[in-house]
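Ligands are counted one by one from 1 in listed order, and the atoms in each one are counted from 1 as well.
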Amino acid sequence: MTLDPLSFSFSGLTDEFRRRYGKGEYYADPFFRSLYQRGSTGLSGLPQFFSRPELARQIRNDFTLRLPEIKTVLRDETSIKLLLQYPDGARIETVVLFMSTYASLCVSTQVGCARGCSFCETGRLGFKRNLTAGEIVAQQMLVQFYLGIRVSNIVFMGMGEPFDNYDQLLISIDVLKDQRGSNITASGMTISTAGHVPGIRRLARLIREEPERGIRRLSLAVSLHSVDNRQRSAIMPINRVWPLEELRSALLEFPLSRKRDRIFIEYTLIPGFNDHPEAVRGLIDYLEGIPSCVNIIPCNPVSSGGFPRPGRDQVEKFFKALVAGGQYCRVRDTRGDSIRAACGQLGELAGHGHKNVSNPGAGGTGEPLSLSV
Ligand SMILES: C[S@@+](CC[C@H](N)C(=O)[O-])C[C@H]1O[C@@H](n2cnc3c(N)ncnc32)[C@H](O)[C@@H]1O
Ligand code: SF4
């Protein structure tokens, strides 16, 4: 069976090459660079293989690049959403977000999600399967080599709960930040979790105990949305497993690298539910002692039965009340909602196939897409 080269960190690939071909780094280094700098597993022409063309062919046969098929491309002025299909038919969505000076990629880590938050489109899909590290990395590869977009930031905020797929998540981070390859700095990456306490603690331990891993500056975002256990459990079932007190103690112990680093607290604002003055006071108290930035996300509509979206004045009132209470915070721009690519909207295409959608970009793999961005 051929192997997926995108599922190997550089050290994993080196070990595999040593086992298969006798030499590790000597062959793994040019292979890894070629893969991530040119999007190719072709090795002939590289000095290490001048005298070993049959080995170059063997490596190419053993490691097959299997990028998912692009089924649909939707775009608006701030974002591009891709519906991708993996060879087993599993579908996910991934979103390129154009910020003022750079592009960020919102990647999925799972097909669906087991956590079932009531306000989230992905939660409604239920859980289909985890993505492999290679399938996570492939989202960035496609965007770079097929759309020609160099992303400098990766947010693990697409479909799925990243810490429910911890091992593959960590391999994908190792691959994406490798300077021989995509070279996306850890400080440009953010993991968003619904409050998976063991995942937060495991990451904290790794940051503390393995500084050479180079993930000290990785950002953590936690989706909080309420500081009342009863209320939070009603919309986020994960709170019944790891309630607010356990989450808070994990956040208090999370290592932050510099004074200015903060944990991002995602707060989806739902009018009449979590925007009242006691919610503001509760949030400020809850975050006492945790260097944090609250990102207020106006609730986005989902396919059916979601929560209402707050008006601009309601968002502003909440923001001002937090600022007055001394809490560092900002309002997250709503990007991509016209193509249902905003926070919590991923899954409609992936769940139901791509019916009733316009396709202004291109579809299918094989040919690079010429989208001007
Ligand atoms: C889809 S989740 C994926 C990452 C992870 N599972 C989590 O919950 O943090 C990314 C962010 O979208 C938020 N979100 C989900 N549904 C939303 C909605 N309808 N409106 C606004 N934000 C939403 C989540 O709370 C979370 O902060
Ligand atoms: S908000 Fe996050 S954890 Fe909750 S269902 Fe959506 S993807 Fe899963």
Side-chain angles (χ1 to χ4, degrees), residues 79 81 92-95 97 104-131 136 139 154-166 169 189-197 199-200 203 219-226 231-242 247 250-251 263-271 273-275 292-310 314-315 318 329-337 340-348 350-351:
S79 350
K81 174 161 93 165
I92 57 106
E93 297 169 31
T94 196
V95 179
L97 298 156
S104 181
L105 184 65
C106 179
V107 302
S108 293
T109 52
Q110 298 185 304
V111 185
C113 180
R115 296 297 171 181
C117 303
S118 59
F119 47 87
C120 171
E121 192 69 51
T122 310
R124 290 157 180 235
L125 281 182
F127 176 68
K128 312 276 187 230
R129 70 169 174 86
N130 280 328
L131 293 182
I136 299 172
Q139 298 169 54
I154 300 274
V155 290
F156 295 92
M157 280 191 194
M159 293 167 62
E161 164 52 44
F163 286 141
D164 276 337
N165 190 13
Y166 185 94
L169 168 75
M189 295 189 200
T190 303
I191 301 174
S192 177
T193 175
H196 191 299
V197 170
I200 296 171
L203 181 68
S219 296
L220 179 70
V222 176
S223 303
L224 196 61
H225 313 325
S226 171
Q231 195 182 44
R232 190 167 190 265
S233 294
I235 58 168
M236 301 180 74
I238 197 170
N239 193 66
R240 294 176 208 146
V241 186
W242 299 293
L247 178 58
L251 297 183
I263 294 173
F264 295 106
I265 302 296
E266 311 290 277
Y267 198 92
T268 294
L269 200 67
I270 304 171
F273 180 76
N274 62 0
D275 63 343
S292 59
C293 170
V294 174
N295 284 331
I296 303 168
I297 313 173
C299 187
N300 292 308
V302 290
S303 56
S304 67
F307 292 99
R309 166 176 250 159
Q314 289 167 303
V315 175
F318 192 79
C329 63
R330 58 194 186 188
V331 176
R332 175 89 69 75
D333 286 354
T334 301
R335 288 168 179 269
D337 59 336
R340 299 190 90 75
C343 280
Q345 293 187 315
L346 304 187
E348 209 176 325

Name of the residue among L247, I263, I191 meeting side chain to side chain contact (heavy atoms under 4.5 Å, CB included) with I200: L247

Going by the 4.0 angstrom heavy-atom rule, the piece of N300 near ligand 1 is both

Heavy atoms only, cut-off 4.0 Å: how does T193 contact ligand 1, side chain, backbone, both, or neither? backbone

Just go through M157, M236, H225, Q345 and tell me whose heavy atom is the nearest to atom 25 (O) of ligand 1. H225

Closest approach of any protein heavy atom to atom 1 (C) of ligand 1, naming residue and atom: G158 O, 3.7 Å

Does the side chain of V111 reach to within under 4.5 Å of the side chain of L131, using non-hydrogen atoms? yes

Less than 4.0 Å is my threshold; does some heavy atom of C299 fall inside it relative to ligand 1? yes

Qualifying residue for side chain to side chain contact (heavy atoms under 4.5 Å, CB included) with P162, from V107, L169, L203: L169

E266, portion touching ligand 1 at heavy-atom distance under 4.0 Å: side chain

A student checking ligand 2 against G123 at a 4.0 Å heavy-atom cut-off should list atoms 5 (S)

Minimum-distance protein heavy atom relative to atom 19 (N) of ligand 1: F119 O, 2.8 Å

Residue that, paired with H225, satisfies side chain to side chain contact (heavy atoms under 4.5 Å, CB included) out of R232, E266, Q231: E266

Quick note on ligand 1: atoms under 4.0 Å from a heavy atom of I297 include exactly 21 (C), 22 (N)

So, do I235 and F307 sit near enough that their side-chain heavy atoms are less than 4.5 Å apart? yes

Is any side-chain heavy atom of R309 less than 4.5 Å from a side-chain heavy atom of P301? yes

Mark up the atoms of ligand 2 that fall under 4.0 Å of a heavy atom belonging to A194, in ascending order. 3 (S)

So, do S104 and V155 sit near enough that their side-chain heavy atoms are less than 4.5 Å apart? yes

Identify which of S223, C120, G344, P301 has a heavy atom lying nearest to atom 7 (C) of ligand 1. S223

Among all the protein's non-hydrogen atoms, which is closest to atom 18 (C) of ligand 1, and how far away is it? C343 O, 3.5 Å

Verify, without hydrogens or angle tests, whether N300 (side chain) and C343 (backbone) share a donor-acceptor contact under 3.5 angstrom. yes

Do S108 and E93 have side-chain atoms, one donor and one acceptor, less than 3.5 Å apart? no

Hey, does the side chain of N130 reach the backbone of N165 with a donor-acceptor pair shorter than 3.5 angstrom? no

Which of the listed options, G160, C117, S118, holds the heavy atom that is closest to atom 6 (N) of ligand 1? G160

Please report which non-hydrogen protein atom sits nearest to atom 6 (Fe) of ligand 2, along with the residue it belongs to and the distance in Å to one decimal place. C120 SG, 2.4 Å

Atoms of ligand 1, numbered as shown, that sit under 4.0 Å from any heavy atom of A194: 7 (C), 8 (O), 9 (O)

Note: ligand 2 atoms sitting under 4.0 Å from heavy atoms of C113 are 3 (S), 5 (S), 7 (S), 8 (Fe)

Who's closest to atom 2 (Fe) of ligand 2 heavy-atom-wise, of A114, G347, G160, S223? G160

Is it true that R115 and E161 make a salt bridge, defined as a side-chain N closer than 4.0 Å to a carboxylate O? no

Is a side-chain donor or acceptor of R340 paired with a backbone partner of Q345 at a separation under 3.5 angstrom? no

Within the distance-only criterion (no hydrogens, no angle test), does the side chain of T122 pair as donor or acceptor with the backbone N or O of L346 below 3.5 angstrom? yes

For atom 22 (N) of ligand 1, what is the closest protein heavy atom, and at what distance to 0.1 Å? T268 OG1, 3.2 Å

Heavy-atom gap G344 to ligand 2 smaller than 4.0 Å: no

With atoms numbered from 1 as shown, which atoms in ligand 2 lie under 4.0 angstrom from a non-hydrogen atom of C117? 1 (S), 3 (S), 4 (Fe), 5 (S)

Please report which non-hydrogen protein atom sits nearest to atom 5 (C) of ligand 1, along with the residue it belongs to and the distance in Å to one decimal place. S192 O, 3.3 Å

